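Notes follow once the structure below has been shown.
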Amino acid sequence: MSQQLSDRYNPADVENRTYQWWESSGYFKAQDQSTKPPFSIILPPPNVTGFLHMGHALDHTIQDILIRWKRMNGYNTMWLPGTDHAGIATQSVVERELKKEGVTRHDLGREKFVEKVWDWKHQYGDRIYSQMRRLGDSCDWDRAVFTLDEGVSKAVKKVFVSLHKKGMIYRGKRLVNWSGPLETAISDLEVEHKQIKGSMYHLKYALEGSSEMLIVATTRPETMLGDSALCVHPEDDRYKHLIGKNALIPLINRKIPIIADTYVDKEFGSGVVKITPAHDFNDYKIGKSHNLEFINILNKKTELNENGGPYQGLKVQEARKRILEDLKAQNLLEKEEVHVHSVGHCSRSGAVVEPYLSEQWFVKMEQLATPGKRVVENGTIRFEPESWTKVYLHWLNNIEDWCISRQLWWGHRIPVWYCADCEHQTVSETEVTSCEKCNSKKVSQDEDVLDTWFSSALWPFSTMGWPNETETLKTFYPTSYLVTGHDIIFFWVARMIMMGLEFQRDVPFRTVYIHGLVRDSQGRKMSKSLGNSIDPVEMIEKYGADALRFTFAAHLYSGKDFKFSEQRLEGYRNFMNKIWNAARFALSNLQDFKVPADGVKALPNKSQISVFDQWIITKLAEVTKEVEDAMEAEKFSEAATALYQFIWNQFCDWYIEFTKPIMNGTNAEEKQATQLVIAQILNRITRLLHPFAPFISEEIYQKLPIKGAACIVDQFPNTRNDKEFLSLGSSQAALEIDIVKEVITAIRNIRGENRISPAVKINARLGVTNDQVQKILGNNRTAILNMGRIENLDIGTEGNLMKCAVAPVAVKDVSVKVIIPLEGLVDFDEEVKRINKLVEKLQKDIGMLSSKLSNEKFIANADEDVVAADKVLLAQSKVQLDSLRDALTRFQ
RNA sequence: AGGGAGUUAGCUCAGUUGGUAGAGCGCCACCCUUACAAGGUGGAUGUCGCAGGUUCGAAUCCUGUACUCCCUACCA
């Protein structure tokens, strides 16, 4: 079989086939009822319009690691996928498509347009699911939910009606953030503030019955058309006498009162503020408290309306330009100065957001926020990293009511019907055909839809069949983890918590795992406009899904943003290839392996296995423990890195090399014992690797002589369940191999520094007096000969050091002197340089150590172990220094 | 303005009970040594942002400071 394996790992040969096999074998499926403990994650539903982007890839990798890890730990795992109808985003996409045909949604009308969107959804809605499969997401696909599915719609209506009944949803004419291009209200969270270098315009307002002019500063001069007052500070001596008098708006000469409010900052600008209650959030409050007129000067498209007088019909920006021209012409603009301020932009359309007065639906948040705060404060829900707790609580402490209505056509329509006869509002979960108050048939449903995040907020239970009391809910609610980026903590996480508590009387999840955002290699956000987006599917095609997943896993450090670089991905692709080749080689050495009768349970006899076997098992025990601890602590990068280092730097670099002579040797018994160890180590490597690199691990696993049915459902090794095998390791073997490794490294170092070609075989002596150590080195003669490329090796006395390279080796309290005669091989310049470098280093160390050890306070205060270790080190360093100096003299 | 995060090798970043600074990539040298050139072996590279303090000892703890980034809120 191993001959079939190519010398390069080709993910394309493996991934689709393996995924299909897993899926058709039902390994992803969760059981609604099971004796196994439940573990569940609800996937943050990607937009149905979307392609899989790097952010998803990172997000999903984390979730899939958790799910696969828990599955292998015997949990009844449910990863529930879904997609979001994403109101504005989807509607925009379809509108853009229509625009190409020269059609607007208004041409089609609501019904036809919504049909078009559904068509679009049916055509492209599953696209992202197939991309998720490419990544290896082990979701329970049978449970996939769309936010406009019937069940979810039922939940949405029920929640709306229920909150309305409790008085927690209300309708009101309020100032909201308005997106002109989209012709809809957007929530505070959908507004992006950008620093803009704009202008501050100082306008001249005439006083009624006076030639005096009042200077008023503004950044938005066009809003003066909607002014209801001028406002000054009540204790501002400059203007006190004007309070109660009237001023005239420039150009249109409408009369407005001059009022006083402490809101005004005397120091800022001229100390006089124009009040435009219908177009500014602060002014709105003043307007309310002073009972001012609310003059709306805009229409839905953010063009000036009939209140705009001569400027009616102009867009805001044009109106501003024209008004400024006119002001200048009439000498009513005192000055214009550069002013940097932040301006709200619509996060969807990019347009400047205009505060706009309109009828909207709101959710009262205060009541919902209190329990939402409590569960995080008391630790029922934990944020990881913990620092997000503060951010979350701060937001809830300053929460504003949530505007949930959107003037869109695509989404959950607001379940309210208005009666044309008695104006009564009927709020109902079911279709309303007559007014509940007057029975009139002239009822019409509210035209607006709900904010997408309204349905998202119910996601943890609406996806599990609520409002029905399903087995799924009983088993899997609350879910175990919520994994997401920090950009949607407010949008989504907080609202899920509040809705979960309100409607399930329990938190929706226990742990919120927040990860960073994926950025480009320069740290910029990936965006279409910058053209720096990288397509994960393309990366998977080029490097393999495992490499991509491992790249993320290895760099997941406490919620930090992730700078993605293809070069790094390449490194992990190489790692996958390394694993592949190691397995390929190991398997080729297992061709004549006789599988023991007890198969996967077979363990070698400790007395039969080599010191190499014992050593690698010791290392395996270490990495198993590291992975175990790291996974428990959600430190995925530590787990991934530990595996990387074990596989590459221990198993490949040393163990495979050490065991080559055994594999090629004639001792059948020894070979069989080592073969069993190799088979068992590979079995464990694949399992440990599986959550991170599912495809390659399954592929190799399936080729192993001893294995279970599938890696994906085999047990994840830990120090408890693998105790028997891991106990075959030995610390004595570990020490022996450490000495051998150090000796070999010292030989290689001398070779390298003296530029002795690997093709040239050399002689070496190992100077060591201790019998025990001599024996150890003697036992490993073959390894040293092969890996150091040594012709003749003497172990024992130092002998004559004339013209010899010398490298002292120290492992714990063991010292060995590696001696290589250089006569005739090279000139000695490089060796002298090398030794001098070592001498320098040793002198530095000795200086540092002896000053430390001669410090009484150090001896008194430091741990005994630390002092003892330093003493040993100092003694060894001194011996080494002497021998090196000695060696130096032999070159002269 | 308030809050959070960061500043360690050329680059990207690790480094929690304080005990002589690490990885990957890149770089230099030598190698196609029969698993792997997507490889092997060896090497170079850091007063751990700056200034104080605590301590026998600080990248690590405390204080201050500079710079960067993010979030929230914004003065017309």
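These numbers come from a predicted model, not from an experiment. Reminder, nothing fancy here: chain letters follow the sequence lines and each chain counts from 1.
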All stems that RNA chain B takes part in, i.e. 3 or more consecutive Watson-Crick or G-U pairs with distances under 3.5 Å, are B:1-7 with B:66-72, B:10-13 with B:22-25, B:27-31 with B:39-43, B:49-53 with B:61-65

Among all residues two or more places apart in sequence or in another chain, which pass the salt bridge (Lys or Arg N to Asp or Glu O under 4.0 Å) test with A/E791?
none

Holding to side chain to side chain donor-acceptor pair (under 3.5 Å), I want the full list of residues that pass it with A/E400, two or more places apart in sequence or in another chain.
none

Give me the distances for all protein-to-nucleotides 53-60 of chain B N/O pairs that come in under 3.5 Å?
unit_1 : atom_1 : unit_2 : atom_2 : d
B/C56  : O2'    : A/N855 : ND2    : 2.7

Relative to the 5' end of RNA chain B, which residue comes earlier, A/F651 or A/Y572, by the nucleotide with the nearest heavy atom?
A/Y572

Would you please indicate yes or no on a ring centroid separation below 6.0 angstrom for A/W388 and A/Y392?
no

For A/Y572 and A/H555, take the angle between the two ring planes, folded into 0 to 90°, and tell me which bin it lands in: parallel under 30, tilted 30 to 60, perpendicular over 60.
perpendicular

Taking the six-membered ring for Trp, are A/F564 and A/F562 parallel (under 30°), tilted (30 to 60°) or perpendicular (over 60°)?
tilted

Assign each of A/W395 and A/P11 the nucleotide of RNA chain B bearing its closest heavy atom; nearer the 5' end lies the nucleotide of A/P11

Heteroatom pairs (N/O) under 3.5 angstrom, protein to nucleotides 4-7 of chain B:
unit_1 : atom_1 : unit_2 : atom_2 : d
B/G4   : OP1    : A/K390 : NZ     : 3.0

For B/U20 and A/K841 - does any side-chain N or O of the residue sit under 4.0 Å from the phosphate oxygens OP1/OP2?
no

Reading nucleotides 39-49 of chain B from the 5' end, what letters show protein touch, with B for base, S for backbone sugar-phosphate only, - for no heavy atom under 4.0 Å?
SSSSSS-----

Residue pair A/N749 / A/R834, side-chain donor-acceptor N/O under 3.5 Å
yes

